[in-house]
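Remember, predicted model here, so these are calculated numbers, not experimental data.
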Amino acid sequence: MNQRDYKIVFLGPMGAGKTTAISAISTRPPVATEVRNTDLAAHGKASTTVALDYGEVALDDGGTLRLYGVPGQSRFSFMWPMVGKGALGAVLLVDATRADCLSGIDPFLDAFDGLFRASRAVVGVGRTDEPGSRQADDVTAHLAARGLAAPVFSVDVRQRDDVNLLLDVLFVQIEAQADTLRMEAAP
């Protein structure tokens, strides 16, 4: 990657919407490593990501925002550090209709703890409008119980504007952190 390339990693359990979110905003056809889901007992989704998703957003300044999605199943967790290496920030996606939606994000919070603690992460909670679903406040409370804080939004990852909101907030955080570091380093 050159100096005007920025890497963002999309995280979340299987079915949280990583592939969909990347597809919603990529300015080129995304690359997906989807295969038939053989674990239908765990999740009724027909296909699942087994390596990574990849998309790009061309930036106005000529740079490129590179979007990487990690596989959501824990059996592919060995891929997470490889895909996440060098990421500027993370977008964690949550399917609010899943009974295990809070405990299901814990492995991602553990694996990407550094990005969360550095205020380089944002959370999108999908399907909050469905009966019995968790809400963004539930996710905020779950993060706080783990000693973490990140902006949490209810989103529809099929909607480009919702995914762009997550990225806009993420970059505001990253810029604010960079400004703080510059001020601390100034004589």
Side-chain angles (χ1 to χ4, degrees), residues 1 5-26 30-33 42-43 48-57 65-96 98 100-126 134 136-155 157 162-178 180-181:
M1 290 193 297
D5 286 354
Y6 308 96
K7 181 179 183 178
I8 301 298
V9 63
F10 283 72
L11 319 169
M14 181 179 174
K18 300 172 300 289
T19 302
T20 302
I22 290 171
S23 296
I25 62 169
S26 185
V31 175
T33 57
H43 199 290
T48 187
T49 300
V50 293
L52 60 88
D53 295 315
Y54 176 78
E56 293 181 354
V57 175
L65 181 58
R66 300 185 185 282
L67 313 167
Y68 292 84
V70 301
Q73 296 178 47
S74 60
R75 66 182 170 154
F76 297 117
S77 63
F78 69 92
M79 292 288 300
W80 300 349
M82 290 182 265
V83 176
K85 185 178 180 179
L88 186 60
V91 175
L92 174 62
L93 298 175
V94 181
D95 176 353
R98 302 264 323 211
D100 66 347
C101 76
L102 298 178
S103 63
I105 62 174
D106 286 341
F108 299 94
L109 296 173
D110 292 338
F112 294 89
D113 182 75
L115 289 174
F116 279 87
R117 296 209 181 273
S119 297
R120 291 178 172 261
V122 65
V123 181
V125 183
R134 295 285 190 156
D137 289 345
D138 298 320
V139 176
T140 300
H142 185 75
L143 293 174
R146 293 179 53 104
L148 301 172
V152 179
F153 297 92
S154 294
V155 297
V157 296
D162 283 12
V163 180
N164 279 331
L165 167 70
L166 294 172
L167 293 175
D168 288 345
V169 170
L170 178 61
F171 275 97
V172 166
Q173 283 186 201
I174 292 168
E175 289 170 7
Q177 181 198 37
T180 299
L181 292 174

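Screening residues 169-178 for salt bridge (charged side-chain N to carboxylate O under 4.0 Å, His left out), with sequence neighbours left out, gives no hits.
To the nearest 0.5 Å, the span separating CG on Leu115 from CG on Leu11 amounts to 8.0 Å. Taking CG from Asp137 and OG from Ser154, the interatomic distance works out to 8.0 Å, rounded to the nearest 0.5 Å. Atom CG in Leu88 sits 9.0 Å away from atom CG in Leu65 (nearest 0.5 Å).
Taking 4.5 Å as the limit, some side-chain heavy atom of Leu143 sits within range of a side-chain heavy atom of Leu109. With a 4.5 Å cut-off on side-chain heavy atoms, Phe108 and Val70 count as touching. When side chains are defined from C-beta on, Lys85 does not count as touching Val9, because their heavy atoms never get closer than 4.5 Å. Asp106 has its side chain within reach of Arg146: a pair of non-hydrogen atoms, C-beta onward, lies under 4.5 Å apart.
Residues meeting the ring pair (Phe, Tyr, Trp, His ring centres under 6.0 Å) test with Phe116, sequence neighbours left out: none.
Although no hydrogens or angles enter the test, the distance criterion places no donor-acceptor pair under 3.5 Å between the side chain of Ser26 and the main chain of Ile22. Lys18 places no side-chain N or O within donor-acceptor distance of the main-chain N or O of Tyr68, the cut-off being under 3.5 Å. Using a distance-only test at 3.5 Å, with no hydrogens or angles considered, no donor-acceptor pair links the side chain of Gln177 to the main chain of Arg120. Between the side chain of Arg66 and the backbone N or O of Tyr54, no donor-acceptor pair lies under 3.5 Å. In terms of modelled atom types and a separation under 3.5 Å, the side chain of Trp80 and the main chain of Gly72 share no donor-acceptor contact.
When every heavy atom of Phe10 is checked against every heavy atom of Ala21, the shortest pair comes out as CE2-CB, 3.9 Å. Considering every non-hydrogen atom in both Val125 and Ala136, the closest pair reads CG2-CA, 4.2 Å. The two residues Phe153 and Pro151 have their closest heavy-atom pair at CE1-CB, 3.7 Å. Ile105 and Pro13 get closest at one heavy-atom pair: CG2-CD, 4.1 Å. Taking both residues in full, the closest heavy atoms of Pro107 and Ser103 are given as CD-O, 3.5 Å, listed atom of the first, atom of the second, then distance.
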Donor-acceptor pairs under 3.5 angstrom involving side-chain atoms of residues 165-173: please list them, not counting sequence neighbours.
from	atom 1	to	atom 2	distance (Å)
Gln173	NE2	Ser119	O	2.7
Gln173	NE2	Ala121	O	3.2

Derivation and outcome, side-chain contact (heavy atoms from CB on, under 4.5 Å), residues Asp162 and Val157: CA-CA 6 Å; Asp162 283 12; Val157 296; over 6 Å; no
Working note: Met14 + Asp95, criterion side-chain contact (heavy atoms from CB on, under 4.5 Å); need CA distance, chi angles, decisive distance, verdict. CA-CA 9 Å; Met14 181 179 174; Asp95 176 353; over 6 Å; no
side-chain contact (heavy atoms from CB on, under 4.5 Å) for Asn164 and Ile25? Distances and angles first, verdict last. CA-CA 7 Å; Asn164 279 331; Ile25 62 169; 3.8 Å; yes
